[in-house]
Amino acid sequence: MLSNNDGCAVARSEEAKALGIQMGAPEFMVRDTLKAHNVAVFSSNYTLYGDMSDRVMKTLAAFVPRLELYSIDEAFLDMSELKYNDLLKLGMEIKNTVKQHVGIPVTVGIAPTKALAKIANRYAKKKHKDLGVHWLANSDLIKQALVATEVGDIWGIGRRYETLLQRYRVNTAFDFINLPEEWIRVNMTVVGQRLWNELRGVQSFEWEFEIPAKKNICTSRSFGKLVNRKDEMIEALSNYAASCAAKLRRQKSAARLLHVFIKTNQHRMQDKQYGRSINIQLPIATNNTVEIVKHALKGLDIIFKEGYNFNKCGVIVSDLVPEESIQYNLFDTANRHRNTTVMKTMDKLNASLGKDLVRFAVQGFEKRYKLRAEYLSKLYTTNLADLPTLRN
DNA sequence: TCTGGGGTCCTAGGACCC
DNA sequence: TCTGGGGTCCTAGGACCC
């Protein structure tokens, strides 16, 4: 599966991995291999993934009193209050039910802490593939799993820490938990210390059963083709600003700070390079599309330069406050009540249409810069026109 | 040779995640 | 020709204050 813009391979089947297609490999560099072996290639299809994810999560939720949605394809289930003796059996039931209801294969890892559950899940994937479930039911099983986990495969250990740890001959998760706590604290901050505790069975990561409001919201894209005209940049940036505003309204936040950035493609040696960003303090926190677009374009005016091939721009809104606690100032002349009504109506219409058809003129429809997605699968589950058809 | 001590707040940058 | 997008948390260091 390819990243946005059909740029890089970001998810590969075991067979594709066996052909040597690396995570993050640019598509155009592996194109010949893909063709030669008839590899199925797909563009990203977030609508489809989102819908499938909802279905899986709903199925999981029926098994436990509380669950934490961790990402589009992962969840933590709180089993602490369950009366089950045999959690392995429960894990199997979960896995089979998801398969039956949604058709998606999942792997279940069961353990005393989140970090150990991630280890268990990984162990199930690698060593108990047919079962698809692993339960770290006692200290022997925990040790066995820790020994089998390379340090770089621990959740929370990235490339930098992996290199550092290997320098100290720490190769497995088991080596890691036997390091002195003080060393971890000094070299990996309190973040590493928490992880160390989790892997020793001491819970240090909190549950997050409610989805927390985001503290920053970003919309940015690489262009499907290079852009050097300002009017096209205006159109693209307006769309990203509008998208940020809509995301703000969805979580009932308003932003006090706007960050706008543009950049050229640093991989193109033949092009002059230019990248610049700007922060814009908003006089009053807002989630109004018109205002956010207006300020974003004012920022673009300052940072845009003619004569460059731009390949990306974006908008980040931050310094967020809850919608209902916006501080208005004395000299504020905008008709905020009317603006809010317009935004609500627009959101409602777009939601019912399933597409952002209601928009402001500056956003345009043409999108010459829009993403490439040549291998898009259909929206089987969310678009009537894409329903699979049966033949008799 | 020598240049106070102790706070707070903010931001940039580095680490990580999916 | 062609190289993704969207987040979080922590820390060090600078600015500023008394």
Side-chain angles (χ1 to χ4, degrees), chain A residues 1-11 21-32 34-35 41-46 49-50 53 68-76 114-115 118 121-122 151-165 184-195 198 204-206 208 211-226 236 239-240 243-244 247-248 250-251 253 256-257 259 261 263-271 273 277 279 281 309 311-320 370-375:
Chain A
M1 188 193 100
L2 301 176
S3 66
N4 262 345
N5 228 9
D6 292 343
C8 307
V10 292
I21 295 165
Q22 302 274 326
M23 169 72 189
E27 186 270 344
F28 73 93
M29 287 171 68
V30 293
R31 191 171 294 157
D32 292 345
L34 296 174
K35 281 229 170 80
V41 178
F42 298 95
S43 303
S44 311
N45 187 337
Y46 299 107
Y49 310 152
S53 173
E68 172 179 338
L69 301 177
Y70 176 63
S71 71
I72 194 160
D73 67 347
E74 284 175 85
F76 291 106
K114 287 185 184 176
K118 291 277 279 187
N121 185 287
R122 199 163 186 290
V151 77
D153 294 328
I154 300 172
W155 180 47
I157 305 285
R159 289 254 284 283
R160 298 303 284 258
Y161 284 149
E162 180 184 19
T163 311
L164 172 75
L165 288 163
I184 304 275
R185 172 71 227 215
V186 169
N187 290 282
M188 300 176 67
T189 81
V190 60
V191 179
Q193 194 178 10
R194 284 184 202 133
L195 176 61
E198 281 262 321
S204 307
F205 299 156
E206 293 306 315
E208 252 177 26
I211 298 172
K214 297 212 185 319
K215 298 172 179 177
N216 307 288
I217 290 173
C218 171
T219 304
S220 78
R221 297 282 181 280
S222 299
F223 302 134
K225 72 175 204 25
L226 296 172
N239 277 292
Y240 306 157
S243 152
C244 280
K247 291 178 191 173
L248 281 171
R250 223 169 293 146
Q251 69 162 32
S253 296
R256 286 190 292 209
L257 187 64
H259 183 83
F261 67 91
K263 63 179 279 300
T264 52
N265 183 344
Q266 76 258 39
H267 294 104
R268 280 175 66 91
M269 297 302 165
Q270 68 271 44
D271 279 3
Q273 296 293 314
S277 70
N279 278 329
Q281 198 78 44
N309 288 325
N311 86 317
K312 186 172 183 173
C313 72
V315 176
I316 301 169
V317 289
S318 56
D319 199 358
L320 308 189
K370 78 167 193 300
L371 293 180
R372 271 191 309 276
E374 287 178 36
Y375 313 98

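All values below were derived from every heavy atom in this structure, side-chain atoms included, with hydrogens, water molecules and symmetry-related copies excluded. Convention: sequence-line order gives letters A, B, ...; per-chain numbering from 1.
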Examine the side chains of [X] and [Y] and answer whether a donor and an acceptor come within less than 3.5 Å of each other.
X: A:S222; Y: A:N311; value: no
X: A:Q273; Y: A:T264; value: yes
X: A:N45; Y: A:S43; value: no

### Summary
Protein-proximity profile, nucleotides 8-15 of chain B, B/S/- by nucleotide at the 4.0 Å heavy-atom cutoff, equals -------S

Spacing of [X] atom [atom1] relative to [N] atom [atom2], expressed in whole Å:
X: A:I72; N: C:dG4; atom1: CD1; atom2: C1'; value: 15 Å
X: A:K370; N: C:dG4; atom1: NZ; atom2: C1'; value: 17 Å
X: A:H267; N: C:dC2; atom1: NE2; atom2: C1'; value: 11 Å
X: A:Y46; N: B:dC18; atom1: OH; atom2: C1'; value: 11 Å
X: A:K114; N: B:dC17; atom1: NZ; atom2: C1'; value: 13 Å
X: A:M29; N: C:dC2; atom1: CE; atom2: P; value: 14 Å
X: A:K312; N: C:dG5; atom1: NZ; atom2: C1'; value: 6 Å
X: A:R372; N: C:dT1; atom1: CZ; atom2: P; value: 13 Å

From [X] atom [atom1] to [Y] atom [atom2], the distance as rounded to the nearest 0.5 Å:
X: A:L226; Y: A:N265; atom1: CG; atom2: CG; answer: 6.5 Å
X: A:I184; Y: A:L165; atom1: CD1; atom2: CG; answer: 6.5 Å
X: A:K118; Y: A:E198; atom1: NZ; atom2: CD; answer: 12.0 Å

Taking any heavy-atom pair under 4.0 Å as a contact, classify [X]: base, sugar-phosphate, or nothing.
X: A:D73; value: sugar-phosphate
X: A:I157; value: sugar-phosphate
X: A:I316; value: nothing
X: A:E74; value: sugar-phosphate
X: A:N216; value: sugar-phosphate
X: A:L164; value: nothing

### Pair pattern of DNA chain C in dot-bracket, where unpaired bases get dots and | marks partners in another strand, Watson-Crick or G-U under 3.5 angstrom
....||||||||||||||

### Task
Using the six-membered ring wherever Trp is involved, compare the ring planes of A:F261 and A:H259 and label them parallel, tilted or perpendicular (cut-offs 30° and 60°).
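Aromatic pair A:F261/A:H259 classed tilted.
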
What's the closest nucleotide to the [X] side chain, out of [options]?
X: A:R268; options: C:dG7, C:dG6, C:dC2; answer: C:dC2
X: A:K247; options: C:dG5, C:dG7, B:dC18; answer: C:dG7
X: A:V10; options: C:dT3, B:dC18, C:dG4; answer: C:dG4
X: A:N4; options: B:dC17, C:dT3, C:dG5; answer: C:dG5

### Task
Please assess A:S3 against A:N5 for the test side chain to side chain donor-acceptor pair (under 3.5 Å), listing each intermediate value before the final yes or no.
CA-CA 6 Å; A:S3 66; A:N5 228 9; over 6 Å; no

Looking at [X], I'd like to know whether one of its side-chain N or O atoms comes within less than 4.0 Å of OP1 or OP2 on [N].
X: A:N265; N: C:dT3; result: yes
X: A:S44; N: C:dG4; result: no
X: A:K215; N: C:dG6; result: no

Show me the donor-acceptor pairs within less than 3.5 Å that the side chains of residues 153-163 of chain A make with the rest of the protein, sequence neighbours left out.
| unit_1 | atom_1 | unit_2 | atom_2 | d |
| --- | --- | --- | --- | --- |
| A:D153 | OD2 | A:R122 | NH2 | 3.2 |
| A:W155 | NE1 | A:Y70 | OH | 3.2 |
| A:E162 | OE2 | A:Q166 | NE2 | 3.4 |
| A:T163 | OG1 | A:R159 | O | 2.8 |

### Task
May I ask you to establish whether A:K114 and A:F205 are in a cation-pi arrangement, using a distance under 6.0 Å from NZ or CZ to the six-membered ring centre and at most 45° from the ring axis?
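Here A:K114 fails the 6.0 Å and 45° test against A:F205.
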
### Query
Are A:K215 and A:L320 side-chain neighbours, meaning at least one heavy-atom pair lies under 4.5 Å?
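A side-chain contact is absent here, since even the closest heavy-atom pair is not under 4.5 Å.
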
### Task
Starting from the 5' end of DNA chain C, give me the residue, A:S222 or A:A213, whose nearest nucleotide shows up first.
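The answer here is A:S222.
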
